[in-house]
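The structure appears below as structure tokens.
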Protein chains: 2
Amino acid sequence: MPEISPDPFAAQLRAAAVKVTRPRLRVLAVLSRATAALTHSELEEQLADSPQGILDRVTLYRVLDSLVECGLAQRTLDARGVYRFLSSSVQARHAAHAHFHCQRCGGITCLEQMEVPVADLPAGYSARQVDIEVRGVCAACAPLSGAA
Amino acid sequence: MPEISPDPFAAQLRAAAVKVTRPRLRVLAVLSRATAALTHSELEEQLADSPQGILDRVTLYRVLDSLVECGLAQRTLDARGVYRFLSSSVQARHAAHAHFHCQRCGGITCLEQMEVPVADLPAGYSARQVDIEVRGVCAACAPLSGAA
DNA sequence: CCGCAAATGCAACCCTGTTGCAAACAGGTT
DNA sequence: AACCTGTTTGCAACAGGGTTGCATTTGCGG
Ligand SMILES: [Mn+2]
Ligand SMILES: [Mn+2]
Ligand SMILES: [Zn+2]
Ligand SMILES: [Zn+2]
């Protein structure tokens, strides 16, 4: 009787035809717990707090690359030009509405009341994704806007 | 009789209530000659080639900041996460419609028929810009889609 | 022409992301 | 179970874009 714990993340990795490794499992776990897209450094921090201790910076970059490449995660840019990562299942929940990108702190806020339109494209073009990105300064950063 | 050459860039700066300085005039000149958004290093290069010689890297960053802040230029991110700067007059021509970003060739196509909505934001948030980015595969690339 | 705040230039620094390479490992083969 | 091989990990060093501190210069209003 093999004690195969039915780890859903391991199953996802196997289904995606990539090796099941400790770092990948850890990153996948954090990503799927997250409600918003996380930067590399946010992930690094959350991973460091876990009982398993820190995960090498470069390894994290490479794990994220592999997850994006096999389709288990998505990579986007925030308003500061920093990459953010989110699990594909989370991504699906955000495809239908607009997002606010704070140009000061890089934070992203859902604008559920702004729905994305259907793409209206020239012949021959096909859309995979439509993003509405509103850029500006969020409520938390507004007070600091005057500051030097 | 003061020999005031009617420099349009100087006038723009005065109208924007910022000091008229040599670096700002130089940058404004390059930006308004450009047809597309330029990165910091592209600007640096073009400036270095001019008879006036190189402009300090940091000064260029600060000049660009001041032009953006006073509304004479706009800052956007390219697909690599690098800032690009363009004069406001060029930007204005593209602010009202969506853009298609081909995921295969990287090309950008204006979707004039898709107009950007007015931002609908929570209290405290302020928008500077709304972008609709449609991602997919363009007509030229569609036939090649099967290729590895 | 003065005075002062704003802008410049230079050096040093920070942060995000990448590359090279040796050691460790996953997962299939014997 | 031991073995093999390509993948992945970890560490160090690097690269590029962008920022900060500070002394010096300059625009410009008085
Ligand atoms: Mn959302
Ligand atoms: Mn356009
Ligand atoms: Zn913010
Ligand atoms: Zn294309």
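This is a predicted model, so every value here is computed, not measured. Each chain gets a letter, A, B and so on, in the order the sequences are listed, and its residues count up from 1.
Between H97(B) and H99(B), the distance from one ring center to the other falls under 6.0 angstrom.
A straight line from CZ of R62(A) to C1' of dT16(C) spans 15 Å, rounded to a whole angstrom. Between Y61(B) atom OH and dG16(D) atom C1' there is a gap of 8 Å when expressed in whole angstrom units. Atom CG in L64(B) sits roughly 11 Å away from atom P in dT8(C) (whole-Å rounding). Here dT8(C) presents its C1' atom at 14 Å from CG of L25(B), a figure rounded to the nearest Å.
Side-chain contact check for Q46(B) and R33(B): no donor-acceptor pair (N or O, by modelled atom type) lies under 3.5 Å.
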- Task: Test side chain to side chain donor-acceptor pair (under 3.5 Å) on Q74(B) and R128(B) and set out the steps.
- Result: CA-CA 10 Å; Q74(B) 311 259 147; R128(B) 218 177 240 186; over 6 Å; no

- Candidate pair T39(A) and R80(A), rule side-chain contact (heavy atoms from CB on, under 4.5 Å), full reasoning: CA-CA 11 Å; T39(A) 63; R80(A) 294 172 312 171; 4.3 Å; yes

- Task: Could you go through the side-chain contact (heavy atoms from CB on, under 4.5 Å) check for K19(A) and L13(A) one step at a time?
- Result: CA-CA 7 Å; K19(A) 287 189 177 174; L13(A) 289 172; over 6 Å; no

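A side chain to side chain contact (heavy atoms under 4.5 Å, CB included) with V27(A) is found for exactly one of T21(A), L55(A), L38(A), namely L55(A).
Applying the 4.5 Å side-chain rule to ILVMFWY residues, one finds L86(B) in the same cluster as V90(B).
Overall bending of the helix from dC1(C)-dG30(D) to dT30(C)-dA1(D), expressed as the angle between end axes built from five pairs apiece, is 30° (10° steps).
DNA chain C lies under 4.0 Å from at least one heavy atom of each of the following residues of residues 65-82 of chain A: V82(A). Non-hydrogen atoms lying under 4.0 Å from DNA chain D are contributed by L55(A), D56(A), V58(A), T59(A), all within residues 41-59 of chain A.
Once rounded to the nearest 0.5 Å, the distance linking CZ of R135(A) with SG of C102(A) reads 12.0 Å. One finds the NE2 atom of H101(A) at 4.0 Å from the CD atom of E133(A) (value rounded to the nearest 0.5 Å).
For R75(B) and Y83(B), the positive end sits near the middle of the six-membered ring, less than 6.0 Å away and at most 45° from its axis.
A 6.0 Å sphere centred on CD of E45(A) holds no more than 12 heavy atoms belonging to other residues, nucleotides or ligands.
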Could you go through nucleotides 24-30 of chain D and list every protein N or O atom that sits under 3.5 Å from one of its N or O atoms, giving the distance for each pair?
residue : atom : partner : partner atom : Å
dC28(D) : OP1  : V20(B)  : N            : 2.7

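Distances from the side chain of Y83(B) to the nucleotides dG18(D), dT9(D), dT20(D) place dG18(D) closest.
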Please tabulate, one pair per line, all N/O donor-acceptor pairs under 3.5 Å involving side-chain atoms of residues 60-71 of chain B, not counting sequence neighbours.
residue : atom : partner : partner atom : Å
S66(B)  : OG   : R24(B)  : NE           : 3.2
S66(B)  : OG   : V63(B)  : O            : 2.8

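Residues S89(B) and S32(B) form no side-chain contact, since every pair of their non-hydrogen atoms from C-beta on lies 4.5 Å or further apart.
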